[in-house]
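Each chain gets a letter, A, B and so on, in the order its sequence line appears, and its residues count up from 1. Every heavy atom of this structure was used, including side-chain atoms; hydrogens, water molecules and symmetry mates were not.
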Amino acid sequence: MLLLKSKTLIEKSKPPNYCIINYQRNQRNYHSIRAVMANALPSNLLDESLGGSSGGGRMILVEDCVETSGAFVVHHLLKRALNSHSSDAVVFLSFSHPLSHYDRVLRKMGCNLSVQRDNKRLLFLDMLALDHLDRNRGKTSEDILIALYGEIQKAVEISRSHEARHHITVVIDDVSLMEVDANGSSDLVLDFLRYCCSLTAQFGCSLIALNHGDVYSTVDQPNLLLQLEYLADIVIKIEPLATGLAKDVHGQLTVTNRNLRVDSGKSRSRIHNFQFRIKDNSVEYFYPGSKT
Amino acid sequence: MAEWICRTLRDGGLEGEHAPALTINHTITCSLGFFVFDHILSQLSSFIHSQKSQSSGIVLVAFSRSPLYYEQLLKSKGYNVSASTWFKVLDCYTDPLGWKSKLANSGRIANDSLGSSVTVKLCKNDLDELFSLILHRGKELSVDGKGRFMVAIDSVSEMLRHASVSSVASLLSELRSHGQVSSLFWLIHSDLHETRATAALEYISSMKATVAVQPMDGLSGNSASLSLMQNNLKRGKFSVHVKCRNGLVKTMVEELNVENSTINFTPFSTEGEVISQSLVPKVQFNLQLSEKERNDRAKVVLPFEHQGDGKNIQIYDGRKSLNESKGDSEQTCFEKEDSGRGEIIYFHDSDDEMPDSDEDPDDDLDI
């Protein structure tokens with residue numbers, strides 16, 4: 001709007017030099033206001049509990065269950081990473097849905113994944129495709145996961161070499177399906193995730209992984225679940241309400257920040273608990289009892 | 001007590017004895033063992049840096065965290081270890097299984113090396129090479145290669161993923177019995193392993209430090225469990241078992257508190273008053289007792305037999321006046337009047353009697 005106003009000023013004012021100076025000053029104002037708006041993004045309780053805009057160099061574990069799916073958290077974090085006001089990139093490893101599914105969901109939230117992919121801001125690795133990573137050529141699960149890790153690190157290196165790219169996020173959806181892909185070897189899956197975690201230290205990336213808590217909670221030693229919780233800096237647990245089903249509240253989120261080192265001196269709460277309601281195009285987050 | 005552990009590790013073992021070894025044990029509910037490990041590493045670094053230790057340096061075997069993390073940790077304490085001669089790192093974090101070197105050799109990724117640490121590739125169930133590398137790095141810490149050094153292992157749990165319990169136990173025993181190793185300590189996540197694996201490694205160590213959840217008064221409700229979780233992220237109970245030479249196992253307990261990335265150890269208090277006070281629900285009426293109220297409550301004499309100081313206990317029954325002197329004179333008057341009437345003399349023999357269902361259970365009241 002400011003740009004249009006400055007154009008009208010050019011048309012109306014008489015001395016051409018005065019017009020040019022005024023136009024340039026208005027353009028600077030426009031860009032500075034736009035920069036301020038970029039930093040002041042609308043935030044909700046989930047964003048506030050995660051703290052910081054991109055939060056580089058950390059691992060976020062999203063744990064859900066059958067009653068309350070954590071897919072909406074993954075969609076929200078994906079949209080946050082592909083924020084139009086930043087130039088960050090995402091490497092998305094999908095074992096559960098094709099790109100069209102996420103594209104449909106994110107479009108309703110105001111984010112066009114096809115455009116982001118064309119702009120090289122999104123690298124979508126569709127693990128459902130059989131010919132991906134030469135899976136039908138009889139390679140072992142270990143070789144397949146090594147090759148997959150190689151693709152991820154290569155994508156991160158290429159993204160970093162791009163000057164404008166500040167931060168890369170690797171998203172994995174989801175860990176239990178990755179284990180199916182690895183023929184049930186949870187050790188291999190854990191090795192793969194540890195290698196992805198090493199990227200957070202080496203390149204300052206973020207890693208987001210979705211896991212199903214109820215898949216592993218019934219075994220005698222829920223090892224993979226615990227190992228991932230030890231690895232993670234932030235654990236987001238999505239659970240149903242303790243009191244049962246409700247019409248207006250679909251479940252509760254518990255965000256635990258386990259990394260006490262990232263403390264700027266403020267005594268912030270390490271655990272946040274709030275409820276959510278999933279709507280058609282968005283998700284509403286609120287503290288218990290404050291839903292109007 | 002934590003300082004005592006650091007001094008014990010600093011001093012090392014006597015001649016002819018195995019090096020003192022510390023196990024730091026924690027679980028996911030109170031995973032402050034990382035802070036304890038960092039604290040001990042920082043303390044030992046300060047002893048070596050200020051030449052208060054006979055050891056020439058520390059060899060850190062990093063499994064759980066990147067060598068860069070430790071460089072930054074020690075840098076924040078004022079020690080620049082990137083070019084130091086007293087701190088060496090064996091990097092088992094970046095490429096423990098050789099995936100990156102395999103990919104780099106095939107040209108699929110760039111070959112990056114992180115700092116001055118040596119990257120180690122582990123062989124499944126064979127830790128001999130790791131043992132040789134530890135000794136080799138230790139020898140680099142002294143000029144003649146014969147100086148003693150300390151060994152710190154970031155996480156034995158990670159080692160147990162790639163090797164059997166017997167291999168890991170064998171490595172730790174060999175390190176303890178090696179003449180050049182003055183002391184060693186390691187961290188283990190006990191909820192990731194079977195009890196026998198954790199017990200086997202604890203038997204090898206001479207000191208066991210456990211970080212556990214601090215016991216608190218029972219509270220119910222969702223907010224209480226959240227408060228507990230919040231508390232466990234910052235506070236814990238730190239208990240140490242030390243095996244003495246004479247066979248005695250000493251136990252010491254402290255409270256540990258993490259605030260602003262620094263850890264503090266304080267003597268353990270059995271009462272959780274401070275914690276319970278902060279967890280009292282915030283309501284509009286006062287649930288706390290002031291000091292005066294507490295003293296007054298302690299002074300209240302209950303109307304039971306053999307209580308008080310032998311004097312007659314006057315209990316206000318709502319009929320006497322509030323003026324005490326008037327009440328006393330009336331009582332004296334009553335006593336004088338009563339002396340002229342008959343008396344009932346009762347000898348207490350309640351101690352000999354068995355409790356009877358016909359008896360009034362309130363007989364012992366002195367009203």
Side-chain angles (χ1 to χ4, degrees), chain A residues 57 142-143 145-158 160-161 187-188 190-192 194-195 197-203 220-232 235 241-243 252 254 256-267 269-273 288, chain B residues 26-29 31-35 38 62-69 72-73 76 91 93-100 102-104 106-110 112 114 124 155 157-158 161-162 189 191-194 221-223 225-234 258-263:
Chain A
E142 190 178 356
D143 289 333
L145 283 181
I146 293 174
L148 181 61
Y149 173 74
E151 274 205 41
I152 293 173
Q153 182 162 338
K154 190 176 171 187
V156 167
E157 283 167 0
I158 290 170
R160 261 174 66 91
S161 63
D187 275 343
L188 259 181
L190 196 51
D191 289 339
F192 177 84
R194 280 199 168 269
Y195 267 92
C197 259
S198 71
L199 292 175
T200 63
Q202 196 175 350
F203 296 103
D220 291 332
Q221 275 189 323
N223 218 307
L224 183 61
L225 203 62
L226 274 177
Q227 292 270 11
L228 289 181
E229 287 188 11
Y230 271 116
L231 268 184
V235 179
L241 294 177
T243 44
Q252 57 175 329
T254 308
T256 308
N257 190 341
R258 298 190 58 245
N259 189 357
L260 287 175
R261 292 252 170 251
V262 189
D263 190 358
S264 57
K266 295 181 269 186
S267 54
S269 177
R270 293 286 157 197
I271 295 184
H272 302 261
N273 177 259
Chain B
H26 71 171
T27 59
I28 194 74
T29 45
S31 56
L32 297 175
F34 289 114
F35 284 91
D38 292 349
F63 278 96
S64 290
R65 290 175 288 190
S66 157
L68 286 173
Y69 168 85
Q72 279 164 11
L73 169 73
S76 69
D91 182 3
Y93 170 84
T94 308
D95 194 13
L97 302 173
W99 287 14
K100 289 188 185 180
K102 210 185 268 188
L103 291 164
S106 59
R108 280 186 267 185
I109 59 170
D112 281 332
L114 287 172
K124 290 271 181 184
S155 167
S157 293
E158 201 49 38
R161 282 193 60 234
H162 303 292
H189 313 311
D191 49 357
L192 289 179
H193 312 288
E194 290 176 2
N222 192 34
S223 58
S225 61
L226 283 172
S227 303
L228 268 168
M229 283 166 63
Q230 177 95 345
N231 192 57
N232 292 340
L233 283 178
K234 285 187 186 173
V258 176
E259 204 75 41
N260 295 335
S261 303
T262 51
I263 192 170

If you measure from OH on Tyr230(A) to OG on Ser64(B), what distance do you get to the nearest 0.5 Å?
10.0 Å
Value rounded to 0.5 Å, distance of NE2 in His162(B) from CG in Asp191(A):
5.5 Å
What pairs with Tyr149(A) under ring-ring contact (aromatic ring centres under 6.0 Å, His included), at least two apart in sequence or on another chain?
Tyr195(A)
Can you measure from CD (Gln202(A)) to OG (Ser66(B)) and round to the nearest 0.5 angstrom?
8.5 Å
Value rounded to 0.5 Å, distance of CZ in Arg194(A) from CG in Asp95(B):
14.0 Å
If you measure from CG on Leu97(B) to CG on Asp187(A), what distance do you get to the nearest 0.5 Å?
10.0 Å
When only pairs under 4.5 Å are counted, which of Leu190(A), Thr256(A), Val156(A), Thr254(A) shares the most heavy-atom pairs with chain B?
Leu190(A)
Report the distance from atom CD of Glu229(A) to atom CD1 of Ile28(B), rounding to the nearest 0.5 Å.
5.0 Å
For Leu192(B) against Asn223(A), the heavy-atom pair lying closest together:
O-ND2, 3.3 Å
After noting the C-alpha distance and the side-chain angles of Gln153(A) and Leu103(B), does the key distance pass the side chain to side chain contact (heavy atoms under 4.5 Å, CB included) rule?
CA-CA 10 Å; Gln153(A) 182 162 338; Leu103(B) 291 164; 5.9 Å; no
Smallest heavy-atom separation, Thr94(B) atom then Ser198(A) atom, equals O-OG, 4.2 Å
